[in-house]
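One-based numbering, in listed order, for ligands and for the atoms of each.
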Amino acid sequence: MASQKLLLLPGDGIGPEIMPEVKKVISWFNENGDMSFETEEGLVGGSAYDAHGQSISEEDMAKAMAADAVIFGAVGGPKWDDVPYEVRPEAGLLRLRKDMQLFANLRPAICYPALADASSLKKDIIEGLDILIVRELTGGVYFGEPKEITDLGNGQKRGVDTQVYDTYEIERISKVAFELARTRNNKVTSMEKRNVMKSGVLWNEVVTQTHGNGYQDVELEHMLADAGGMQLVRWPKQFDVIVTDNLFGDMLSDVAAMLTGSLGMLPSASLGAPDEATGKRKALYEPVHGSAPDIAGTGAANPIAMIASFGMALRYSFEEVEAADKLDKAIAVALDKGLRTKDIAGEGQATVSTSEMGDAIVAELSALSA
Ligand code: NAD
């Protein structure tokens, strides 16, 4: 099989501490799987600013555009609080998302059995949960124009954001959702506010039309986004794939994320459109959490979100479903055996370091293959 090119961008804070754990996993698959990954590294965020005065260099941008997948750590930290706005650490991530046209953000919420007690919801509601939120990432109210604060001249100001979606934007995100549902439990729930928003009416129409054009094998239901928020905490296991816009997706994916506990456990993927010639999508995989400056340098960071993000790359960029399942299983077994980084440890429970958790997961990969 041809070698797949990965660009690793560790970033700042705990980013460079959790990325080595992914490298162990990549090496394991290179040595033991029937796949082959070539890795390159680059700088992003504050570390890129320190080196080049930019949040990502043109050279690293070019590497990202050429890669089969970008594996991203985290950016930011107090050290760069006062750098100019356009070169702030987050600008590197936004540039990657924009230039790679990553319009689909995928956030799974999976409850590992060993952590079912850590949720704020009752165990039977959460145990075995496996849902996927597909959020539109490049349109909607975060980008629509006009976006401004105007002075009304009478002592009042007016803040305006514009929620705007075109047909093609809704169509392409719903296709991603239907296609992903086919690889899972074959059900999509589309969430909007068609009762009060014109963009919601169009969203509902276009999702329904797209469903009718070749995706009838997938079950489709529509739900108002506020009811969806309620259902997510009432009975989350009713969902498989949820597709929603940028604003509702931002909130609903955070709700879904917290169903399953710590930030250190949550992976994500951002995908672009399929290339016309190769069918491959541009893709960036990253943990949901930030650079955790409060624990950086202490060896306490949980590498699971980062490792599971690579698992999503196996699943969604490389169609290595079996390998992705094996990696998820290795994480679950390490947790079952009681391994805990500090963020997921119960009271009085012994903890392991970042690298010990990485080593344990790699050991479980070997044990599962024995
Ligand atoms: P954060 O996610 O970095 O940390 C929030 C809390 O969760 C902290 O207490 C932290 O120690 C803990 N935590 C996060 N990841 C963890 C892990 N893997 N293991 C154990 N504990 C973990 O959010 P924050 O503190 O609001 O932001 C810190 C910096 O990260 C800021 O500069 C922010 O702008 C940046 N940030 C970057 C991204 C990104 O790169 N995508 C996302 C969010 C925040």
At a 4.0 angstrom heavy-atom cut-off, what protein residues surround ligand 1? Ile14, Phe72, Ala74, Val75, Gly76, Gly77, Glu90, Leu93, Leu263, Gly264, Glu286, His289, Gly290, Ser291, Ala292, Pro293, Asp294, Ile295, Ala301, Asn302, Asp343

Which atom of Val22 lies closest to which atom of Ile71, heavy atoms considered: CG1-CG2, 4.5 Å

By side-chain hydrogen bond (donor to acceptor under 3.5 Å, both in side chains) - contacts of Asp217 (at least two apart): Arg182

Side-chain donor-acceptor pairs under 3.5 Å in residues 354-365, sequence neighbours left out?
| unit_1 | atom_1 | unit_2 | atom_2 | d |
| --- | --- | --- | --- | --- |
| Thr354 | OG1 | Gly299 | O | 3.0 |
| Thr354 | OG1 | Ala301 | N | 3.1 |
| Thr354 | OG1 | Ala301 | O | 2.7 |
| Glu356 | OE1 | Ser353 | N | 2.8 |
| Glu356 | OE1 | Ser353 | OG | 3.3 |
| Asp359 | OD1 | Lys24 | NZ | 2.8 |
| Glu364 | OE1 | Lys337 | NZ | 3.4 |
| Glu364 | OE2 | Lys337 | NZ | 2.8 |

Selection residues 7-20 - residue pairs positive for salt bridge (charged side-chain N to carboxylate O under 4.0 Å, His left out), sequence neighbours left out: none

Identify whether the distance between the nearest side-chain nitrogen and carboxylate oxygen of Glu192 and Arg194 falls below 4.0 Å. yes

Can you confirm whether or not the ring centre of Tyr316 sits under 6.0 Å from the ring centre of Tyr285? no

